[in-house]
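In what follows, every heavy atom counts, from backbone to side chain, and hydrogens, waters and symmetry copies are set aside. Chain identifiers are assigned alphabetically (A, B, ...) following the order of the sequence lines, protein sequences preceding nucleic acid strands; residue numbering begins at 1 within each chain.
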Amino acid sequence: MTTTPDPDAGAFLTALRLSDSFLPVGGYTASYGLEQYVNEGRIEDGDDLRELLAAYLRRIVGPCETVALANAHAASGAGDLEALLAVDERLHAVTMPREFRESSTKAGAKLCELLVGDTTDGDGNGDLENAFADAVATDATPGHYPVVYGVVAQRRGLSRRQACLSHAYSFVTGLLGAAQRLGRFGHTEIQAVLEALEPVIAEVCTRHVDDEPTAMASFAPLAEIMGMRHERAGRRLFMS
Amino acid sequence: MGYRDVAKVGLGGPVGSGKTALVERLVPELVARDYEVGVIANDIMTQEDADVFRESFADLLAPDLVAGVETGACPHTGIREDPSMNLAKIDEFTERHPDLDVVLVESGGDNLAATFNPELADYFLFVISVAEGEDIPRKRGPGVTQADLLVVNKTDLAPHVDADLEVIEDDAAAVRGDDPFVFTNCKDGAGVDAVLEHVEREVLFA
């Protein structure tokens with residue numbers, strides 16, 4: 001029996017790898033303000049959690065991170081370093097709480113160390129990646145996680161939409177994992193919340209995958225206030 | 001300069017075994033031997049805890065060489081599967097203090113299976129307490145068997161908890177083979193010199 005090469009396998013496996021909590025970029029230390037919601041007794045049950053995460057998706061992940069990721073993917077595809085750095089700068093500017101920025105840039109730096117720069121071919125097609133990795137390593141650019149994710153995904157053959165979907169999915173599972181460790185949620189309840197959020201993930205990615213970088217903005221005042229209060233929280237298990 | 005350029009010593013072990021007490025004993029001795037030391041504590045719960053820690057080393061270490069790293073309620077993940085946030089903190093240390101000699105990374109309290117990722121710790125100590133049961137060594141937890149040095153702490157409590165130090169010694173020798181273990185009482189400092197000797201010989205002179 002002969003083996004037929006599967007051109008989609010690499011991209012599919014990359015999507016799994018990037019959205020897997022096994023990826024060692026410190027995702028398990030980030031709660032993006034969720035810990036503060038729990039500390040203040042604002043989340044009681046699975047319904048609260050579902051509503052909160054749907055709001056995160058519609059107000060932060062979609063209009064902010066998905067726009068950044070999609071445009072980073074496009075800039076990487078076009079070999080446009082200037083555009084890539086501009087996306088990173090804008091995401092930094094619209095991410096209000098300090099700890100949100102730190103969680104994102106620390107994870108971005110680690111993803112960069114792990115996966116950026118190892119796909120350079122003999123024709124110098126990894127030049128943009130390497131220049132971007134240098135800029136991240138030397139603090140010339142913040143290196144936000146969705147921006148690095150966009151570059152990695154593009155270089156490894158994921159479409160923009162696939163990259164946005166896998167990123168939004170991993171954001172949700174990361175926060176659901178945090179919720180389970182912070183509060184009292186059953187594993188079946190958490191899976192039910194995840195299932196209920198899947199259409200929201202698809203919806204926000206469809207809505208924002210083609211947005212221009214200038215559309216990048218977040219409007220989630222309570223989540224941002226929770227993120228800021230967390231800096232001085234009486235109890236902290238998470239870095240954000 | 002980055003985390004690969006500095007010696008890193010991990011301290012793991014169950015909750016309440018004396019990891020912090022050992023760190024507080026080791027730091028002044030290392031500083032007295034002219035090493036520049038950084039300390040990272042995982043799972044610090046409050047800013048107040050971090051301040052207390054920083055205060056106890058106020059005369060010994062620069063304040064920005066004492067840091068907490070929150071591990072999202074996953075202490076073993078932070079030192080084993082995904083040490084990225086600890087490594088990022090060590091990178092911050094080395095950027096500000098290029099002459100840094102050694103970083104002590106204290107894990108959050110965990111179970112007997114916790115081991116350090118070799119990219120995070122060049123050498124790791126596993127600290128257990130006699131008060132947690134004299135049978136701990138013979139359970140052969142990966143922490144006990146794989147650590148570079150097993151530290152059996154709180155020897156002063158042995159008579160109060162019906163723990164037989166001879167049994168612990170025999171069991172430790174049996175499960176550790178040729179690998180070393182030491183008894184300590186971090187309250188009065190007994191045995192700390194032996195720990196230092198191992199750390200200096202295996203890490204700092206290596």
Atom CZ of B:Arg25: over 12 foreign heavy atoms under 6.0 Å:
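Yes, enclosed.
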
Greater than 12 external heavy atoms within 6.0 Å of A:Arg42's CZ
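Yes, CZ of A:Arg42 has more than 12 neighbouring heavy atoms, counting only those of other groups under 6.0 Å.
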
Which word best sums up how the rings of A:Phe171 and A:His167 line up, parallel for under 30°, tilted for 30 to 60°, or perpendicular for over 60°?
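Geometry flag for A:His167 against A:Phe171: tilted rings.
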
In terms of heavy-atom pairs under 4.5 Å, which option from B:Pro83, B:Gly68, B:Gly108, B:Ala73 contacts chain A the most?
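Greatest number of close heavy-atom pairs with chain A: B:Ala73.
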
Testing A:Glu65, A:Arg90, A:Arg101, A:His92 for side chain to side chain donor-acceptor pair (under 3.5 Å) with A:His144, which one passes?
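Going through A:Glu65, A:Arg90, A:Arg101, A:His92 one by one, the side chain to side chain donor-acceptor pair (under 3.5 Å) with A:His144 is satisfied by A:His92 alone.
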
Compare all side-chain heavy atoms of A:Glu89 with those of A:Thr141 and state whether any distance is below 4.5 angstrom.
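In short, these two side chains do not touch, never coming nearer than 4.5 Å.
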
Under a 4.5 Å cut-off applied to non-hydrogen side-chain atoms, are B:Glu70 and B:Met85 in contact?
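When only atoms from C-beta onward are counted, B:Met85 and B:Glu70 do not touch, as no gap falls below 4.5 Å.
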
Are there residues of residues 28-35 of chain A whose heavy atoms fall under 4.5 Å of chain B's heavy atoms? If so, which?
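The list, in residue order, reads A:Tyr28, A:Thr29.
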
Looking only at side chains, do B:Asp148 and B:His198 share a donor and an acceptor under 3.5 Å apart?
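No, no side-chain donor-acceptor contact under 3.5 Å.
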
So what's closer than 4.5 Å to chain B heavy atoms on A:Leu23: side chain, backbone, both or neither?
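Contact with chain B: backbone only.
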
Salt bridge or not between B:Glu119 and B:Lys8? Use side-chain N to carboxylate O under 4.0 Å.
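Salt bridge flag = no for B:Lys8 with B:Glu119.
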
Between A:Lys106 and B:Glu92, does at least one N-O distance fall below 4.0 Å, as a salt bridge requires?
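Salt bridge present between A:Lys106 and B:Glu92.
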
Which members of residues 133-144 of chain B, sorted by number, sit under 4.5 angstrom from chain A on a heavy-atom basis?
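Interface residues of residues 133-144 of chain B: none, nothing closer than 4.5 Å to chain A.
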
Please evaluate residues B:Asn42 and B:Asn86 with respect to the criterion side-chain hydrogen bond (donor to acceptor under 3.5 Å, both in side chains), reporting the C-alpha separation (whole Å), side-chain torsions for both, the decisive distance (0.1 Å), and the verdict.
CA-CA 8 Å; B:Asn42 282 189; B:Asn86 278 312; 2.8 Å; yes

Search all heavy atoms of A:Gly26 against all heavy atoms of B:Asp82 and return the closest pair with its distance.
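That closest heavy-atom pairing would be N-OD2, 2.6 Å.
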
Select one option (side chain, backbone, both, neither) describing which atoms of B:Asp91 are under 4.5 Å from chain A's heavy atoms.
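It is the side chain, since no backbone atom gets that close.
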
